[in-house]
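A note on names: the letters A, B, ... follow the listed sequences, proteins ahead of strands, and every chain is numbered from 1.
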Amino acid sequence: MIRKLAFALAATLALAACGQQDAANKGAQSQAGVQISGAGATFPAPLYAKWAEGQKAATGLALNYQAIGSGGGIKQIEASTVAFGASDKPLKTDELDKNGLVQFPTVMGGVVPVMNLPGIAAGQVKLTGPLLADIYLGKVAKWNDPAIAKVNAGVALPNLPITVVHRSDGSGTSFLFTSYLSAVAPQWASVGASDSVAWPSGVGGKGNDGVAAYVKQTPGAIGYVEYAYAKQNNMTSALLQNADGQFVAPTAANFAAAALGADWTKAPGFYLLLLNQHGANSWPITGATFILMHKQQTDAATAQSVLKFFDWAYANGDAAAGSLDYVPLPTDVKTLVRKSWAGVVGPDGKPVYPGAH
Amino acid sequence: MISSSRSLTRNLGNGVFLVFCWAATALALIALAAILWSLLKQGIGGLDLNVFTKSTPAPGSEGGLLNAILGSVMMCALAMLVAVIVGVLAGTWLSEYAKESRYGSLVRFLNDVLLSAPSILVGLFVYEILVAPLKGFSGYAGAVALALLAVPVITRTTEDVLRLQPVALREASVALGAPVWRTILAVIWKAAQSGMLTGALLAFARISGETAPLLFTALNNQFLNLDMRHPMANLPVVIFQFALSAYDDWRRLAWTGAMLIAVSVLAVTIIARLLTREQRRS
Amino acid sequence: MRTEDYALSVGTSRTIEAGPARTARGAALDRLFEALCFSAATLLLTALAGIIVALAIGGWPAFAKFGFHFFTTATWDPVAEVYGALGAITGTLATSALALVFALPLALGVSIFLVELCPTVLRRPIGTAVELLAGIPSIVYGMWGLFVFAPWFALHIQMPLMMAAPVGSIWEKLVAGVPNGANILTASIILAIMILPFMAATLRELMLTVPAQVRESAYGLGSTTFEVIRKVSLPYVRTGAIGAVMLGLGRALGETMAVTFIIGNAHGLPTSIFASGATIASTIANEFAEATGEMHTASLIALGLVLFVITFVVLALARLLIGRQVQA
């Protein structure tokens, strides 16, 4: 009996070993031989997967990106276990220099406040930044509070208690949201901005999905999710007042408007938070996601493949980004990024990126 | 009369007890049915030939779970091989050689501690020793992490089952002139084989669904990779990523993957029991 | 001799003494085999020691900064960089204890059912069904718990209880909480379902080792099923049963994914049975991937070490209790 099981186990492993030989042979023939791995933020993972699929079909390069979290991405690129890391939270220049990293943005998205109010449709409720902060601080506890009614004249707000939903896990989405609240509401200073904070009130949902689930299940709930979740789940979103005083809706066009208003040339290492940007249509909680690579590369071929991947993505990946509810970077930003790639050099000191094609 | 009133309380106690046992089993089966119902309802919809022939897709593209299935099979098989060897030998040592010695008690105690180790910490440990120094995620690291989770289960159950074999069995074998190792291999192990198999199946059930340890060791792979020296796709991590995403096709694949794991554990259990064809003693 | 005493004496295994007629080759192979087994056990020990050392090194900055306050503070503030483990420790202990309280009687019931009461033709299917519960991935428990069980629980159990509690009474405090089903109690229930099959399967295997003649003789003396179980089978397998409980408890203490989804993830001490909480494993799982600060990462790893310490203490206590029982 034990013999039979052992035989079965051995047979499985023998098959696996054959497969390994097979793959090794194939690998020696394909371009770049070894698959390239990157890891980091969860936010852009579906898009990178789409880009990788398209790239493999077009050029044969297999780039494997896995979402392990922005913190994970930063840790792994510092440990050099991956070819590049990805983070929703940009690193400041001193942190970049400490580890010899370059940083550049790839795509943008937005964070959207969503609610569950019986009888209220999307776009009916208006909120301002300070009001949102007060809600999340627990100072405004009911939907028909005068503070909310003041901004929403003519809307029949129900007499429901506000159930605040936030993220229980650390996330770039929380980072953007709390950074926004810190920027527009001085009363939020007691909580601060980070991927994980000590929320003064409310329940925590795991992932965007968890937050969306809680909001959907609880009448009177308010939460914040990535734009893709709000759109795919048809959630009721609120209009938010931007820096120009306009109440804008969360749409891809308004995210792009926020990016257009920003001045990337004055941001070393592309460290720029697209929060509360000027522009009549700018959505106030917009953010880009970033790639981290070593300045000094030990393997020029791998680094070149990575940069070629993003070059291809900039040139051909906008449609894919739009279809998955991401917002592509404006063209001039892409040009700026390509210029910055000259800073990535190989063992011989020469830039690995051959130049714009 | 005294004897009939005593037998009334005894019978009553017995009756309550029997009802409780039936109710407990019914509750367990209801829970299983509820979960399986959800699994099947959500997972069957995504089941088609693509799942077994194509690798994981990007949202909106066509694809399946081929790379994840193969990766999981390979890593679990390797982990079980290592875990069964180490676990059975360690359990045997604890039961046959160590007994109440101080070192034996220590190993037994620490085995129980390892049993409750959160899988994410085991994964981090393997990351520190196999991934960071070698500067790369690999299927081997994933298999080691899974093995570390399976070994305590197998050790525990092996020791418990071996200990309960009657001394008479051992003494009879030794009296016939068999060396100790022969006694253990041919007599004790054989007598305890159904129990040891249960331990192995429990360990396999445990590691087949583990996500956290694989996240930092095997990472995951969007493409098909059978080379265990590099990141390998695996079902639990794929399910984890897809289930919490915003895209319907990914979520359907996640439920299908979850259904596949549960079905495969069931299949392995049934096949293993068929192969052993054990005789129930009662 | 009482049935129980005979059962106990047969159940105790003693070291095998090799017979006099041993060949040199047999003796050498004996030593080789013993060495193999010993190295396997030592390998186990080394792995565990390695994990603990790695955790201690990683978590040292947190211990150095917070000292003993790490164990007594419930604040967990990544922005102010103040970390305290009390909330997570309470959650871990509460959920594991509750899960064991729910699962152990059920596991005993199920295993006894399978061994004594089940019609023979149903024995294997039901046994396999129970083992199948063990084969469901923990993330599925999490997903099922969050999307199916939590709403059901909120609607059918939490809301009625909350509405029935008289205002201002101690009941109201006890059942207070957000009615979304994500709390310590539901997490404990899900945990109980998860650890049930491990304990039931192991207990069943153990009960099957009770020799037939021992049980039959007890029945022959006029015992009811309950009495046979209580006075013959269970004492016979007692040490092994402890092992089964350890399996279950271990799983409960370390379970990550399922608990993370459904416990509500609120740091701080729980104030009612329907309050959200956090366990050590869920806190690490939630925050490790994104943690970038040195102190944040160190605190999470320190939490991991704390979990090991808790496990040590709980297991040592259990051993002490059992030891006393065996002597009594």
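Between the CG atom in B/Leu197 and the CD atom in C/Glu205 there is a gap of 8.5 Å [rounded to 0.5 Å]. To the nearest 0.5 Å, atom CG of residue C/Asp30 and atom CZ of residue B/Arg182 are 11.5 Å apart. Interatomic distance, CG of B/Asn111 versus CG of C/Leu44, reported as 5.0 Å (0.5 Å rounding). With rounding to the nearest 0.5 Å, the separation of CD in C/Glu34 from CD in B/Glu96 is 11.0 Å. Distance CZ/C/Phe113 to CH2/B/Trp22: 4.0 Å, rounded to 0.5 Å. Rounded to the nearest 0.5 Å, atoms CD (C/Glu116) and CG (B/Leu18) are 9.5 Å apart.
Options C/Ile229, C/Thr225, C/Ile280 differ in how many heavy-atom pairs under 4.5 Å they form with chain B, and the most are formed by C/Thr225. Considering only heavy-atom pairs separated by less than 4.5 Å from chain C, the leading option among B/Pro236, B/Ser208, B/Ala168, B/Ala34 is B/Ala34. Between chain B and the residues C/Glu255, C/Arg230, C/Glu227, the largest count of heavy-atom pairs under 4.5 Å involves C/Glu227. Note: B/Thr25 leads B/Val16, B/Val265, B/Thr25 in heavy-atom pairs under 4.5 Å with chain C. With chain B as the partner, the residue from C/Leu117, C/Thr256, C/Leu55 showing the most heavy-atom pairs under 4.5 Å is C/Leu117. Counting heavy-atom pairs closer than 4.5 Å to chain C, the top-ranked of the candidates B/Phe125, B/Phe240, B/Phe216 is B/Phe125. No other option in B/Ile261, B/Leu110, B/Val107, B/Val122 has as many heavy-atom pairs under 4.5 Å with chain C as B/Leu110. In terms of heavy-atom pairs under 4.5 angstrom with chain B, the leader among C/Gly50, C/Ala54, C/Ala285, C/Ala47 is C/Gly50. Of all the listed residues (B/Thr198, B/Val151, B/Leu201, B/Asn14), the one sharing the greatest number of non-hydrogen pairs under 4.5 Å with chain C is B/Asn14. Options B/Arg108, B/Glu128, B/Arg206 differ in how many heavy-atom pairs under 4.5 Å they form with chain C, and the most are formed by B/Arg206.
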Determine, step by step, whether C/Phe38 and B/Leu89 satisfy the side chain to side chain contact (heavy atoms under 4.5 Å, CB included) criterion, reporting the C-alpha distance in whole Å, the side-chain angles of both residues, the deciding distance to 0.1 Å, and the verdict. CA-CA 8 Å; C/Phe38 181 76; B/Leu89 286 179; over 6 Å; no
Begin from the C-alpha positions of B/Phe17 and C/Thr224 and carry the test side chain to side chain contact (heavy atoms under 4.5 Å, CB included) through to its verdict. CA-CA 10 Å; B/Phe17 178 70; C/Thr224 62; over 6 Å; no
Hey, mind stepping through C/Phe308 and B/Leu121 against side chain to side chain contact (heavy atoms under 4.5 Å, CB included) and telling me if it holds? CA-CA 10 Å; C/Phe308 268 101; B/Leu121 291 179; 4.0 Å; yes
For C/Phe226 and B/Arg10, what are the C-alpha separation, side-chain angles and deciding distance, and is it a side chain to side chain contact (heavy atoms under 4.5 Å, CB included)? CA-CA 8 Å; C/Phe226 185 32; B/Arg10 283 170 63 198; over 6 Å; no
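Here the closest non-hydrogen pair linking B/Tyr97 and C/Cys37 is CE1-SG, 4.3 Å. Nearest heavy-atom pair, C/Val110 versus B/Ala28, reported as atom, atom and distance to 0.1 Å: CG2-CB, 4.2 Å. Here the shortest heavy-atom pairing between B/Pro118 and C/Ala281 reads CB-CB, 4.3 Å. B/Ala24 and C/Gly109 get closest at one heavy-atom pair: CB-CA, 4.1 Å. Nearest heavy-atom pair across C/Met143 and B/Ala243 is SD-CB, 3.5 Å. Minimum heavy-atom separation, B/Val86 to C/Ala40: O-CB, 3.6 Å.
Checked against side chain to side chain contact (heavy atoms under 4.5 Å, CB included), B/Leu36 has the following partners two or more places apart in sequence or in another chain: B/Leu32, B/Leu39, C/Leu132.
Residue C/Leu32 does not touch chain B at all, counting heavy-atom pairs closer than 4.5 Å. Of the two parts of B/Leu115, the backbone and the side chain both hold a non-hydrogen atom closer than 4.5 Å to a non-hydrogen atom of chain C. Looking at B/Leu185, only its side chain comes within 4.5 Å of chain C, counting heavy atoms on both sides. B/Phe20 touches chain C through its side chain: at least one heavy atom from C-beta onward sits under 4.5 Å away, while N, CA, C and O do not. Interface remark: B/Ala98 contributes no atoms to any contact with chain C (heavy atom separation under 4.5 Å). Residue contact with chain B, scored on non-hydrogen atoms closer than 4.5 Å, involves the side chain of C/Leu307 exclusively. C/Leu133 touches chain B through backbone and side chain together, each having a heavy atom under 4.5 Å away. Using a 4.5 Å cut-off between heavy atoms, B/Leu124 contacts chain C through its side chain alone, with no backbone atom that close. For B/Leu27, the part lying under 4.5 angstrom from a heavy atom of chain C is the side chain only. Of the two parts of B/Thr155, only the side chain, counted from C-beta on, holds a non-hydrogen atom closer than 4.5 Å to a non-hydrogen atom of chain C. For a residue to count as touching a neighbouring chain, one of its non-hydrogen atoms must lie under 4.5 Å from one of that chain's; by this rule C/Phe149 does not touch chain B. For C/Phe261, the part sitting under 4.5 Å from any heavy atom of chain B is the side chain, from C-beta outward, and nothing else. With a 4.5 angstrom heavy-atom cutoff, C/Ser138 touches chain B via backbone and side-chain atoms both. Both the backbone and the side chain of C/Ala129 come within less than 4.5 Å of a heavy atom in chain B. Only the side chain of C/Leu43 comes within less than 4.5 Å of a heavy atom of chain B; its backbone N, CA, C and O stay farther away. Contact annotation for C/Ile310: neither backbone nor side-chain heavy atoms come within less than 4.5 Å of a heavy atom of chain B. Proximity to chain C (any heavy atom under 4.5 Å) is restricted, for B/Ser38, to the side chain, taken from C-beta onward. The contact between B/Leu114 and chain C is made by backbone and side chain atoms together, counting heavy-atom distances below 4.5 Å. In this structure, chain B has heavy atoms under 4.5 Å from both the backbone and the side chain of C/Leu29. In this structure, chain B has heavy atoms under 4.5 Å from both the backbone and the side chain of C/Ile51.
Here side chain to side chain donor-acceptor pair (under 3.5 Å) pairs that include residues 35-58 of chain C, with residues two or more places apart or in two chains, are B/Tyr103-C/Thr42.
Residues B/Gln165 and C/Thr209 have side chains that never bring a donor and an acceptor to within less than 3.5 angstrom of each other.
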